[in-house]
Structure formats: structure tokens, C-alpha cells
**Q** 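One structure, as C-alpha cells, below. Some questions next.
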Amino acid sequence: MAGNRSGPRMTLPTQLVLRVLLDDPSQERYGLEISSSAGLASGTIHPILARLESLGWLESRWEEVDPKTEGRPRRRYYRLSPDGVALAGAALARTSATALGRLRPGLAGGAS
């Protein structure tokens with residue numbers, strides 16, 4: 001599987017963005033839609049989206065519309081790459097297990 005094993009820093013905003021994108025991995029979403037669904041400001045999500053795309057976790061494309069006809073700027077659509085779906089799911093699972101281990105020592109790591 002391609003991609004960065006360690007992935008991005010799993011800050012809470014990054015986790016929120018990944019959860020939105022994992023909700024329906026086949027669906028393309030534009031920035032404002034992701035921002036609204038994640039409950040984050042657009043200025044917060046765009047650096048996250050750029051970082052995820054540089055790691056190969058995301059694919060993006062510009063929509064093909066005439067801004068004058070539409071009366072708005074073109075939108076950039078994002079979705080998880082096939083590898084990104086697996087990597088994001090695994091990263092969120094690790095983050096959840098780590099958080100659980102901090103809350104209840106001994107549960108996340110299991111017995112050796």
C-alpha cells in the first residue's frame with residue numbers, strides 16, 4: 001500500500017476532516033461542505049486538505065463550470081484516494097486506541 005505510514009499529525013481538526021471524508025468515501029466534497037460538516041472554519045480545513053493530498057491520501061479536482069454563469073467561484077472537490085481510505089481508517093483507529101489507553105490504562109494495549 002502506498003503512502004506515508006506515519007501519516008499526518010492526528011490533531012482533532014484532522015480527525016474531524018477525515019471522519020467527514022470517511023462518512024462516504026466515494027462522494028466528492030468541496031471545501032465549504034467539508035468545513036460545515038466538520039464544524040471547522042474553512043481557513044482551518046484547507047491546510048489539512050493540502051497536507052492530506054500531498055501525502056497521497058486525497059484526490060482533488062476543480063469543477064468544470066463557468067463562474068459567471070454559476071454566479072460563484074469554481075469549487076475544488078476532494079475525496080479520499082483508495083489508499084487514503086485504508087490509511088485514514090487505520091490512523092483514526094490508532095488514535096482512538098491511544099486515547100482509550102490514556103483514559104483507561106491497560107485496555108488499549110491488551111495483554112502480552
Side-chain angles (χ1 to χ4, degrees):
M1 184 180 300
N4 183 333
R5 163 111 172 84
S6 63
R9 270 189 61 229
M10 292 304 290
T11 62
L12 182 56
T14 299
Q15 292 173 53
L16 293 171
V17 167
L18 288 173
R19 289 183 194 286
V20 168
L21 293 167
L22 279 169
D23 185 46
D24 184 354
S26 65
Q27 181 180 349
E28 291 182 314
R29 299 173 188 264
Y30 61 97
L32 190 56
E33 182 181 10
I34 296 168
S35 174
S36 176
S37 295
L40 299 168
S42 64
T44 301
I45 66 146
H46 286 287
I48 294 169
L49 294 171
R51 198 165 35 253
L52 292 171
E53 188 169 17
S54 73
L55 291 169
W57 289 31
L58 279 186
E59 300 169 342
S60 71
R61 69 171 181 87
W62 285 101
E63 71 177 339
E64 295 180 20
V65 299
D66 178 7
K68 289 184 181 183
T69 304
E70 294 295 317
R72 62 169 173 76
R74 290 186 314 153
R75 294 175 177 160
R76 187 167 188 161
Y77 284 91
Y78 300 88
R79 75 170 161 201
L80 289 166
S81 66
D83 284 347
V85 172
L87 292 166
L92 288 173
R94 281 192 307 274
T95 301
S96 295
T98 301
L100 180 60
R102 283 195 296 262
L103 293 174
R104 301 173 87 183
L107 289 183
S112 303

**Q** Pairs under 3.5 angstrom only: tabulate donor-acceptor contacts from the side chains of residues 18-28 to other protein residues two or more places apart or in another chain.
**A**
| residue | atom | partner | partner atom | Å |
| --- | --- | --- | --- | --- |
| D24 | OD1 | S26 | N | 3.4 |
| D24 | OD1 | S26 | OG | 2.9 |
| E28 | OE1 | R61 | NE | 3.1 |
| E28 | OE1 | R61 | NH2 | 2.8 |
| E28 | OE2 | R61 | NE | 2.9 |

**Q** Roughly how far apart are I48 CD1 and T11 OG1, rounded to 0.5 Å?
**A** 5.0 Å
**Q** Looking at CD of E64 and CZ of R75, how far apart are the two atoms once the value is rounded to the nearest 0.5 Å?
**A** 15.0 Å
**Q** On a heavy-atom basis, which atom in P73 and which in P67 lie closest, and how many Å separate them?
**A** CA-CB, 4.3 Å
**Q** Does R72 pair with E63 as a salt bridge, N-O distance under 4.0 Å?
**A** yes
**Q** Give the cluster check for L49 versus V85: same hydrophobic cluster or not, with ILVMFWY residues linked at side-chain heavy-atom distances below 4.5 Å.
**A** yes
**Q** Do you know the tightest heavy-atom contact between A88 and W57?
**A** CA-CZ3, 3.7 Å
**Q** If you measure from the Lys or Arg side-chain nitrogens to the Asp or Glu carboxylate oxygens, is any gap between E59 and R79 under 4.0 Å?
**A** yes
**Q** Compile the donor-acceptor pairs under 3.5 Å between side chains in residues 31-43 and protein atoms, sequence neighbours left out, one pair per line.
**A**
| residue | atom | partner | partner atom | Å |
| --- | --- | --- | --- | --- |
| E33 | OE1 | Y30 | N | 3.4 |
| S35 | OG | L40 | O | 2.3 |
| S35 | OG | S42 | N | 3.4 |
| S37 | OG | E33 | O | 3.1 |

**Q** Can you give me the closest heavy-atom contact between Y78 and H46, atom names plus distance?
**A** OH-ND1, 4.0 Å
**Q** Between atom CG of L87 and atom CG of L92, what is the distance when rounded to the nearest 0.5 Å?
**A** 11.0 Å
**Q** Is it true that L55 and M10 fall in one hydrophobic cluster, defined by side-chain heavy atoms closer than 4.5 Å?
**A** yes
